Each structure stands twice: as structure tokens, then as C-alpha cells.
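Heads up: the structure comes next, in C-alpha cells.
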Amino acid sequence: MHVPELLFVTATLCACVHGQYMSGGYQGRTGNYQGSMQHLGARGGYQGGWDTGRRIRRTVVGDTRQIIKVTDAVYVATGGQSLGNAIMVIAPDGLIIVDTADSHESASLMLEDFRNITSAPVKAIIYTHHHMDHVGGATAFVENSTAPPDIWAYKGLPKALEEYFTYASAARFTRTMRQFGVFLNGSQNSVDFGKDGATFGFLYPNKFLNDEEMDVVIAGLKLRLVRIQGETTDHMGVYIPEWNMFMCGDTYYEAFPNIYTIRGAKVRDAKEWFRSLDYMIYLNLTYLVPSHLGPIIGQQVILDTLTPHRDGIQYIHDQALRYINKGLSPSEVARKVKLPSSLAKLPSLQEEYGMVEWSVKGVFQMYLGWFSGDPMDLFPLTVNEKAQHMADLAGGVTNLVTSARTALEQGNPQWALELASYAIAVNDTDETAKAVKVDSLNMLADKQINTNAMNYLRTSALETTGELDFSGMTVVTPEHINTFDVGHFFDMLPSAFMPEVCENETFTIVFNFTDTGRTISLQNRNSVLIVRKDKIPEIYTRKIDITEKRFKNFVMNRITQRKKTKVLFGSHGFRILQKCFEFGHM
């Protein structure tokens with residue numbers, strides 16, 4: 001099955017709401033909702049209409065392009081198959097674009113719509129954080145390459161973006177495809193936007209917030225850039241004091257926040273998240289402009305929106321710690337901690353994107369790591385070992401499968417899933433066990449309101465039947481390679497090194513990049529690949545003179561295996577690269 005170009009780049013970095021739950025039920029992926037609707041306030045219960053403000057709801061992704069007017073100087077572009085919004089601020093000396101959608105093509109449509117409002121030049125781009133749906137379309141807003149806009153970000157953004165692609169990227173790719181339901185027909189989420197021709201339009205920032213906050217003048221407009229950690233540690237908000245307006249990126253969206261992501265991002269710090277919401281609350285804002293909703297307008301509406309959302313996050317954090325300190329395991333803590341009824345019924349805390357149970361386990365992981373505290377978990381059996389013991393106890397795999405089918409018929413799909421999975425671990429050709437597993441996965445999916453869980457379960461069912469196979473899919477794309485610094489790919493090599501193949505291959509290879517003057521070395525020492533960018537070894541096996549472009553071409557050819565490596569790369573150094581590294585799993 002073909003992976004759309006740049007699908008990994010787009011899908012892996014997005015961390016957004018993938019469905020909206022309204023008082024009138026679930027809203028589909030197409031269409032847009034505007035108009036009055038009751039809003040759940042901080043004290044619980046429905047507040048009386050929209051007398052003090054308004055908000056505009058929308059689906060997260062859709063073909064319909066829309067411009068939402070916030071004020072005469074601020075407009076939000078949505079749709080056009082973009083996961084995230086782009087926000088246009090008309091400043092005295094030109095335009096400021098806050099977040100840039102997820103691809104060059106999507107952002108180009110948004111700029112086209114903005115140009116129906118103003119012809120002022122784009123003077124600056126501001127990234128709220130590194131997720132692709134916020135940075136992927138920057139190139140579309142560069143209309144004059146001789147006078148490009150400044151690009152602002154928190155100082156940690158470049159490192160966060162590159163690290164996301166460097167470590168565990170192949171594993172994260174598969175999990176991302178499942179979570180976002182990329183290959184599910186009619187999936188209730190957004191990642192059918194990753195299509196052929198979607199170009200990675202990220203541009204590196206040249207201006208940075210280096211502290212917790214900073215007052216700046218951009219395009220003649222006074223702004224305050226503020227670090228507001230939430231979904232990422234490099235998250236930055238934009239406050240415009242003159243208008244009492246705050247652009248919060250992903251620090252608020254209308255669903256329970258994704259404190260732990262099943263696709264495999266680092267656990268988000270719940271404590272920092274609710275403290276960031278405190279900052280926004282204390283501003284007593286008139287306008288709140290998120291990157292995945294329409295604007296929220298009116299001081300009371302904003303207060304009633306942010307306060308319970310913030311309290312829900314702290315509740316989960318505090319109560320998880322309470323039970324952790326009682327010595328409970330992650331699963332036990334997750335069963336104990338539930339939102340109180342006053343919070344659980346709020347639309348802004350529905351578990352459609354993040355889940356309370358996952359978040360509780362995330363809190364456990366953040367403070368205590370992987371070990372549950374139970375000595376049974378110090379040296380646990382592997383799944384295959386446990387599966388064989390389970391089959392032996394059941395009197396054979398056939399009995400195990402029969403028990404799984406019985407559990408399913410009795411309405412216990414989780415136990416059925418576990419038993420069927422054990423049976424498959426013992427005999428991966430057992431079609432009856434696979435059928436039970438598929439039925440269990442789909443029954444569990446039917447019960448979910450959380451789109452991430454639903455998509456993961458249904459995608460796993462397709463993998464079980466063999467209708468979907470991620471093993472041969474490309475993880476790294478040409479745009480990825482061309483965008484990032486060449487040193488980034490050397491950072492990827494240690495986790496692709498195969499010591500079982502090359503432990504006796506003693507080498508130190510120096511790469512001299514003739515076009516940039518940089519030198520990077522690789523050394524196999526004690527079956528560990530050592531990458532050095534700061535010091536040239538005095539003794540080495542081989543020195544290779546090459547341009548960065550030709551090296552990137554070699555890497556791309558090896559990763560995608562689109563064609564055989566040319567004779568140019570037939571030297572000892574490149575033979576080592578071909579032999580000792582699992583390029584296809586980077």
C-alpha cells in the first residue's frame with residue numbers, strides 16, 4: 001500500500017483535536033458550525049446563552065475553506081484540507097502570520113483567501129510550536145524571496161522538531177498511522193489530508209524567544225511572546241496587549257487534553273499545562289484565538305471556558321499522585337482516578353482526543369518511570385513466553401481460542417482480545433484466533449468516543465487480517481532529508497547500527513563535506529557507533545570528500561531503496577554504511 005508523500009512528516013507531528021463534541025452530538029469532518037449555542041460554564045450546568053460573548057465551532061479538517069473574522073485586524077483561515085489554522089494579524093507595517101497550516105499547498109490556499117482582505121506584505125511568521133500542522137506551510141507565506149519575513153519561535157523549537165524525527169521515528173510512524181486512522185475509510189479524524197503533493201514547507205526560525213516572556217515590536221505592533229508549555233515544551237503564545245487578545249496554539253482545544261499520546265510523543269507535563277492556562281486566565285482576555293477552533297470572544301465566556309478545563313487537568317494530576325503515593329500500580333491508579341461529575345459532563349473535557357486513563361498513566365510515567373513498583377514487573381515474561389504458559393494452562397491453543405470466543409460472546413471484548421492475542425503469539429497462522437481478535441478489536445472500537453482509540457483499534461484489526469502492512473512503508477521522505485541539516489542524519493545512525501552484523505568491522509570514517517567545510521566522523525567502538533561533529537580523529541580508516549547534497553541523495557536512496565546505489569558510492573566507507581545500518585527502519 002502506498003504511503004502518501006510526506007505522510008509521516010505531516011501525520012507524526014500533529015497533535016490536535018480530531019473530532020468535536022457539541023451539545024447537539026458529534027460533528028462530522030465536513031461542514032462548519034457558526035451561530036449561537038449554549039456554553040457550559042465553570043460552575044457546571046448550562047449557562048444562559050451567549051449574552052456576554054460568542055465562539056465559533058468548526059470541524060478540524062475539511063475541504064471547505066473559511067475565513068473567520070475576529071476583529072478588523074485579525075482573521076483566521078480554516079479548512080482547505082488543513083489540520084491547523086493560520087491566523088493573519090494586520091499590523092501597522094504589514095502582516096503577521098501566526099501558525100502556517102500543515103503543508104505548502106494548504107497554506108497557499110489560506111494566503112489566497114487572506115489576499116481577498118489585504119495586499120499588505122507578510123512581515124513576520126510566528127510558530128506557536130513545532131507540530132507540523134503549525135509549521136508545515138511557512139514557505140507559502142514567503143512571497144518575496146529577496147525580502148523574506150522574520151520567523152519567530154521559542155528557542156527550543158528547532159531542537160524539538162529534529163529530535164522528533166531522530167529517535168524512535170520508525171516505531172512512532174506505525175503508531176501514528178494507527179492513531180490517526182490514515183487508512184480507514186470514513187475515519188472520524190483528520191489525516192486523510194496527507195496526500196500526494198503535500199509539500200513540507202517548514203522554514204527555520206531566525207528570531208527567538210529566549211526567556212519565559214518577551215515584549216517585542218513586530219511589523220509596528222507591540223506583542224508579548226510567552227512560553228506556555230502544554231502539548232510541547234517549546235510552546236509559545238502571542239499576546240497583543242492593545243486588543244487584550246491571546247493566540248494560544250494548542251494550549252486550549254475543546255476536548256480532554258492529550259497528556260499522553262498513544263502514538264508515542266513524550267509525556268506532557270500536566271502541571272506545566274494547567275499553570276500555562278492560569279497565565280491565560282489571569283490576563284482576563286477579551287479575545288482567545290486557538291489554532292484548532294474559531295475564536296472565543298468575551299471575557300466571561302473565556303473565563304468560563306478556560307477555568308474548568310484548567311481544573312480538570314490539575315484534578316487528574318493531583319489525584320494520580322495521591323494514589324501513586326499509596327503504592328498503587330499504573331493500572332490501579334488509572335481505575336481509581338475519574339473526573340468528578342461537575343467536570344466530566346463539560347464539552348471541553350470530553351475524552352475525544354486525550355483520555356483520563358492514559359493521562360493518569362502518563363503522570364505515573366513522568367514521576368516514576370516504567371516500573372510499577374510490583375516485584376513481579378522487575379523481570380516479566382515476554383508476551384510469547386506468557387502466551388505459551390497460557391496455552392498450556394488452557395490445555396492447548398484451541399482451548400485458548402474457544403475461551404476467547406466465549407469471552408467475546410459474553411460481552412467481554414478486552415479479555416477476548418488478550419486471549420486471542422496469546423493464541424496468535426503461539427501460532428501466528430491460526431485464522432480462528434485472528435477472527436476472534438478482529439471481532440474483539442472492532443467491538444472495543446464500537447464503544448469508543450475517543451477517535452484516537454477508535455482508529456487505533458480498527459487499524460489494528462486491518463493489520464490482523466493482513467489487509468494492511470506497515471513494514472514496507474517509507475518513514476523518511478525527500479522533503480525531510482532536504483529540509484534538515486545533514487548532521488541530523490548522523491544523529492539517526494547510532495539507532496540504526498547493527499552490531500550483530502558489524503561488531504568485527506573496526507572502522508573510523510571521516511566525512512569531509514566540501515561544499516560547507518564541515519567534518520563529521522563515525523567510529524565503531526565496542527559495538528557502539530560514535531558520532532563526532534566537534535573533533536576530527538587523528539587516525540581514521542577512511543576519509544570521504546563529498547558534498548552534503550550528494551550525501552543526502554545516498555541516504556535517500558538507501559532509505560527508500562528506490563534504486564541501487566551508484567558506483568560513486570562504492571568506496572569502503574559507503575560499503576560500511578550499506579552493510580551495517582538498517583536504513584529502511586530509520
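What you are looking at is a predicted structure, and each value in this text was computed from that prediction instead of being measured.
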For this session: Apply the test side-chain contact (heavy atoms from CB on, under 4.5 Å) to residues Val401 and Leu419: give CA-CA distance (whole Å), side-chain angles for both, the deciding distance (0.1 Å), then the verdict.
Result: CA-CA 7 Å; Val401 176; Leu419 292 175; over 6 Å; no
Problem set entry | Working for ring-ring contact (aromatic ring centres under 6.0 Å, His included), residues Tyr127 and Tyr154 | CA-CA 8 Å; Tyr127 296 143; Tyr154 180 69; over 10 Å; no
Exercise. Stepwise, does the side-chain contact (heavy atoms from CB on, under 4.5 Å) test hold for Thr232 with His235?
Worked result: CA-CA 5 Å; Thr232 68; His235 209 297; 3.6 Å; yes
Exercise. Yes or no on side-chain contact (heavy atoms from CB on, under 4.5 Å) for Asn412 and Gln414, after CA distance, side-chain angles and deciding distance?
Worked result: CA-CA 6 Å; Asn412 193 346; Gln414 180 60 39; 4.2 Å; yes
Problem set entry | salt bridge (Lys or Arg N to Asp or Glu O under 4.0 Å) between Arg405 and Asp439, intermediate numbers included | CA-CA 9 Å; Arg405 174 60 68 183; Asp439 289 345; 3.3 Å; yes
For this session: Verify side-chain contact (heavy atoms from CB on, under 4.5 Å) between Thr261 and Tyr353, making sure each step is shown before the conclusion.
Result: CA-CA 9 Å; Thr261 71; Tyr353 188 51; 5.7 Å; no
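Across every non-hydrogen atom of Pro413 and Ser440, the tightest pair is O-CB, 3.6 Å. Taking both residues in full, the closest heavy atoms of Glu231 and Arg268 are given as O-NE, 3.0 Å, listed atom of the first, atom of the second, then distance. Pro257 and Leu349 get closest at one heavy-atom pair: CD-CD2, 4.5 Å. Taking each heavy atom of Ile228 and Gly237 in turn, the nearest pair found is CG1-N, 3.5 Å. The nearest pair of heavy atoms linking Ser329 to Phe364 is C-CE1, 4.1 Å. The two residues Phe246 and Leu283 come nearest to each other via the heavy atoms CD1-CD1, 3.8 Å.
Here the side chain of Gln448 pairs no donor or acceptor atom with the backbone of Ala453 at under 3.5 angstrom. At distances below 3.5 Å, not a single donor-acceptor pair connects side-chain atoms of Ser106 with backbone N or O atoms of Ser103. Counting only distance, with no hydrogens or angles, the side chain of His309 and the backbone of Ser348 share a donor-acceptor pair below 3.5 Å. A donor-acceptor pair under 3.5 Å is absent between the side-chain atoms of Asp133 and the main chain of Ser82, judged by distance alone. Side-chain N or O atoms of Glu352 include none that pairs as donor or acceptor with a backbone N or O of Phe256 at under 3.5 Å. Of the possible donor and acceptor atoms, one in the side chain of Arg175 sits under 3.5 Å from a partner among the backbone N and O of Ile262. Ser276 contributes a side-chain N or O that, together with a main-chain N or O of Gln229, makes up a donor-acceptor pair within less than 3.5 Å. Under the 3.5 Å distance criterion, the side-chain polar atoms of Glu357 are left unmatched by any main-chain donor or acceptor of Lys338. At least one donor-acceptor pair closer than 3.5 Å links the side chain of His292 to the backbone N or O of Leu83. Judged purely by atom type and a 3.5 angstrom limit, His134 has no side-chain atom pairing as donor or acceptor with the backbone of Asp102.
Between Phe470 and Phe183, the two ring planes are tilted [angle within 30° to 60°].
Residue Lys69 is tested with Ile67, Thr71, Asp72 for a side chain to side chain contact (heavy atoms under 4.5 Å, CB included); the sole match is Asp72.
Every residue two or more places apart in sequence or in another chain was checked for a salt bridge (Lys or Arg N to Asp or Glu O under 4.0 Å) with Asp234, and none qualifies. Legend: residues meeting salt bridge (Lys or Arg N to Asp or Glu O under 4.0 Å) with Glu463, ordered by chain and number and at least two apart, are Arg178.
Tyr279 and Glu213 form a side-chain donor-acceptor contact under 3.5 Å, judged by distance and modelled atom types alone. A donor-acceptor contact closer than 3.5 angstrom links the side chains of Tyr367 and His317. Side chain to side chain, Asp99 and Thr128 meet the donor-acceptor criterion of an N or O pair below 3.5 Å. A donor-acceptor contact under 3.5 angstrom links the side chains of Tyr239 and Asn244, judged on distance only.
For the pair Asn442/Leu457, no side-chain contact is recorded, criterion being any heavy-atom separation below 4.5 Å from C-beta on. Taking 4.5 Å as the limit, some side-chain heavy atom of Lys437 sits within range of a side-chain heavy atom of Ile424. Residues Glu351 and Leu339 are not in side-chain contact: their nearest non-hydrogen atoms beyond the backbone lie 4.5 Å or more apart. Side-chain contact check for Trp243 versus Val89: some heavy-atom pair is nearer than 4.5 Å. Between Gln410 and Thr406 the shortest side-chain heavy-atom distance falls below 4.5 Å. Using a 4.5 Å cut-off on side-chain heavy atoms (C-beta onward), Leu209 and Met214 make contact. A 4.5 Å side-chain heavy-atom check between Met88 and Val98 finds every atom pair outside the cut-off. Inter-residue side-chain proximity for Val337 and Tyr323 is flagged as met; some heavy-atom pair is nearer than 4.5 Å.
Going from atom CG of Leu285 over to atom CG of Leu303 covers 10.0 Å, rounded to the nearest 0.5 Å. The line from CD1 of Ile96 to CD1 of Ile240 is 6.5 Å long, rounded to the nearest 0.5 Å. Atom CD of Glu162 and atom NE2 of His130 lie 11.5 Å apart (nearest 0.5 Å). Here Tyr287 contributes atom OH and Ile302 contributes atom CD1; the two are 9.5 Å apart, rounded to the nearest 0.5 Å. Note that CD1 of Ile87 and CZ of Phe114 are 8.5 Å apart. Values are rounded to the nearest 0.5 Å. In this structure, CD1 in Ile126 is found 10.0 Å from CD1 in Ile97, a value given to the nearest 0.5 Å.
Under the 4.0 Å criterion applied to side-chain N and carboxylate O atoms, Asp446 and Arg458 are assigned as salt-bridge partners. The pair Lys336-Glu332 fails the salt-bridge criterion, with no side-chain N (NZ, NE, NH1 or NH2) lying under 4.0 Å from an Asp/Glu carboxylate O. Checked for salt-bridge contact, Asp278 and Arg310 meet the test: a charged N lies under 4.0 Å from a carboxylate O.
The 12-atom threshold is not exceeded at CD of Glu242, counting heavy atoms of other residues, nucleotides or ligands nearer than 6.0 Å. For Lys271, the NZ atom is densely surrounded, since the number of other residues' heavy atoms within 6.0 Å is greater than 12.
Under a cutoff of 6.0 Å and an axis angle of 45°, Arg172 and Tyr164 form a cation-pi pair.
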